[in-house]
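Accompanying notes for the structure given below.
No experiment lies behind these values; they were computed from the predicted model shown. Just follow the structure's listing: the first ligand is 1, and inside any ligand the first atom is 1.
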Amino acid sequence: MKASVIAHKDFTISKIDDRVYGAFLEHLGRAIYEGIYEPDHPTADANGMRGDVAKLVKDLNVPVVRYPGGNFVSAYNWEDGIGPRDQRPTRLDLAWHTSESNQVGIHEFADWCDSVGTEMMLAVNLGSRGVDDARNFLEYVNHPGGSYWSDLRVKNGRKDPWDVKLWCLGNEMDGPWQVGHKDAAEYGKLAANTARAMRMFDRSLELIACGSSNADMPSYPDWERIVLEHTYDHVDYISLHMYFANHEKNTGNFLALSHKLDTYIETVAATIRQVKSKKRSNRDIYICFDEWNVWYHSRQQDRVILEGNSGWPHAPGLLEDIYNFEDVLMVGLILNTFIRRSDVVKIACIAQLVNVIAPIMTERGGPAWAQTIYYPYYFASIYGRGTALNLLVNSPGYDSIHADNAPYVDVSGVYNEEEGILTFFLVNRHASETADVEVSLQGFTAGQIVDHQVMTHNNLEAVNTAKNQNEVAPRKGTGAKAEGGTLSVQLPAYSYQMVRVKV
Ligand code: AHR
């Protein structure tokens, strides 16, 4: 199979916001406890944070981490997680039917963010609480001192405010599973009032209103329109979530889900434009895709806990998807979609970061390792920074339930002007054919290939485990050439690649 691509220096989409490579950590399962925090672990630091996990996170150069939920936030009292640890209450978490010890709260999370070099993106509870709680939390986190909440923060050991800019106004409020679920108008009014109060404190905050939990919600896409009609002048982003599943074991359909993602983004982008026109507004609102990932491997095994049949355990293993090689391709396709839609998707968070539907897994007292999907996320986060190119791609395709003629070869291209490097991320969706891809580099003078990474495996279901951590891992590619203005690269059947060319 042959595919051709034109990459022209002047055909650009947008400067990519680095925060599109963000992540998410929720008080859920073993994400926090036994994930980032395990005081008895041999690698734990003075704060009880696992050093082996911190190293894997640091390597990813995650720009921003959303916290503390997720569904959890909708009945969370943030004050439970401050002050002396031995006086913090244990609460029942209704979202995941577990107990929350509150041994990690905002202070511990903020210190951990500092240690791994990332920024916080905080969510306020608009489920069981509202404006009052949001303004208090904001004052605690961002005010220098001289007020009740800021002085309490100082007393609790943190002198300087954290100055958090990104704030989520609740989580998935369209979902009936959410504590304090609301209809679009109720939520829109509450989000607008909360945003107004938060902006009275600081006009420079970046605020995110909840969009749909997924594109199959009955309220979608009216939800976005109604919420934006209430909030357009007060927020900066509307959030979207999407999880990808291959229940039917049909790889072709699964990998075509990135087209459904693209349509979802396009629909919400159009809704933003519609409300902008209706409001006669000059402001632009963007998409914050603050939960995305493959999620289905663990659904069956989680049922017992989620239905409440095992009581209220603390940090049980929940949503522990073990990712396979097929998921590498899907995650590569999702990230390619975000790069191509970087004109509207400014922030995105892989959900989640550790243990819970996550690229990093841990064993209690044991190792931490990279799941298969760690690698496409790693390559995009490290090398996908710069300007997204508007590539012209010509590839044979196939019909799927999500798209007709879905191209076998999916490509995104990023030009990093400071480094003078062009990076391409490529996925071959074909089950049996190698793709010979020729990229015509126009407006660039191609130099040597500076990096070429390939991920293939003869078994789509191959996974990494504690004992066999490198079953699915990238290897150096060979054979790619950049000559006479053309980059030539061969993509084996079902493969993910990254090629970087000095220009
Ligand atoms: O990431 C897991 C859960 O998925 C989050 O808590 C929720 O927001 C979504 O439904």
Side-chain angles (χ1 to χ4, degrees), residues 22-33 35-36 62 64-76 92-98 100 109 121-128 166-182 187 191 208-220 223 227 237-245 261 264 287-303 305-307 315-323 327 331 334 347-361 371 373 377:
F24 171 39
L25 270 172
E26 176 170 5
H27 281 252
L28 194 186
R30 300 189 310 124
I32 302 292
Y33 307 107
I36 63 168
V62 182
V64 69
V65 179
R66 178 171 177 251
Y67 174 87
N71 296 343
F72 172 80
V73 80
S74 294
Y76 179 53
L92 298 185
D93 166 32
L94 302 176
W96 303 105
H97 216 277
T98 53
E100 171 55 52
F109 179 67
M121 165 174 169
L122 295 176
V124 298
N125 172 355
L126 294 191
S128 65
L166 277 174
W167 293 82
C168 303
L169 304 170
N171 175 72
E172 291 191 351
M173 299 309 301
D174 61 332
W177 56 86
Q178 206 69 217
V179 172
H181 154 68
K182 292 164 181 57
Y187 170 69
I208 304 152
C210 293
S212 292
S213 302
N214 60 69
D216 297 322
M217 294 299 290
S219 52
Y220 165 79
W223 175 276
V227 167
Y237 305 92
I238 181 114
S239 87
L240 296 182
H241 295 174
M242 182 168 173
Y243 290 101
F244 301 76
L261 168 65
Y264 189 23
I287 292 173
C288 171
F289 219 108
D290 52 27
E291 285 186 34
W292 67 267
N293 204 349
V294 173
W295 176 13
Y296 74 102
H297 299 285
S298 64
R299 292 263 183 183
Q300 197 60 34
Q301 93 210 16
D302 287 341
R303 210 146 272 171
I305 295 177
L306 297 181
E307 284 169 5
L318 272 176
L319 279 61
E320 299 206 353
D321 271 36
I322 305 301
Y323 290 110
D327 301 325
V331 166
I334 297 167
I347 305 170
C349 303
I350 189 170
Q352 300 191 7
L353 191 53
V354 187
N355 287 334
V356 171
I357 40 173
I360 298 168
M361 282 301 288
Q371 291 229 58
I373 60 167
Y377 175 46

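- Counting heavy atoms under 4.0 Å from ligand 1, residue Phe24 touches it through the side chain alone.
- Residue Trp177 has no N or O atom closer than 3.5 Å to an N or O atom of ligand 1.
- Listed here is the closest heavy atom pair of Cys210 and Glu172: SG-N, 3.6 Å.
- Residue Glu26 has at least one N or O atom closer than 3.5 Å to an N or O atom of ligand 1.
- Shortest contact from atom 8 (O) of ligand 1 to any protein heavy atom: Glu291 OE2, 2.7 Å.
- Under the 30°/60° scheme for interplanar angles, the aromatic rings of Tyr377 and Trp292 are found to stand perpendicular.
- In this structure, Val354 and Leu25 approach most closely via the heavy-atom pair N-CD2, 4.1 Å.
- Aromatic ring orientation, His27 versus Phe72: parallel (interplanar angle below 30°, classes split at 30° and 60°).
- Counting heavy atoms under 4.0 Å from ligand 1, residue Trp96 touches it through the side chain alone.
- Between Asp321 and Trp295, some side-chain heavy-atom pair lies under the 4.5 Å cut-off.
- Shortest contact from atom 1 (O) of ligand 1 to any protein heavy atom: Tyr243 OH, 2.8 Å.
- Residues Tyr237 and Asp290 have side chains not in contact (no heavy-atom distance under 4.5 Å, counting atoms from C-beta outward).
- Ligand 1 has no nitrogen or oxygen under 3.5 angstrom from a nitrogen or oxygen of His241.
- Counting protein heavy atoms only, atom 7 (C) of ligand 1 is closest to Asn71 OD1, 3.2 Å.
- Of all protein heavy atoms, the one closest to atom 10 (O) of ligand 1 is Glu172 OE1, 2.7 Å.
- Atoms of ligand 1 lying under 4.0 Å from any heavy atom of Gly70, numbered from 1 in the order shown and given with element: 5 (C), 6 (O), 8 (O).
- Taking the six-membered ring for Trp and thresholds of 30 and 60 degrees, His297 and Tyr323 have ring planes more than 60 degrees apart, a perpendicular arrangement.
- Residue contacts with ligand 1: Trp295 is included, with a non-hydrogen atom under 4.0 Å away.
- If you take CD on Glu26 and CG on Leu318, they are separated by 10.0 Å, rounding to the nearest 0.5 Å.
- The shell of residues lying under 4.0 angstrom from ligand 1, judged by heavy atoms, includes Ile357.
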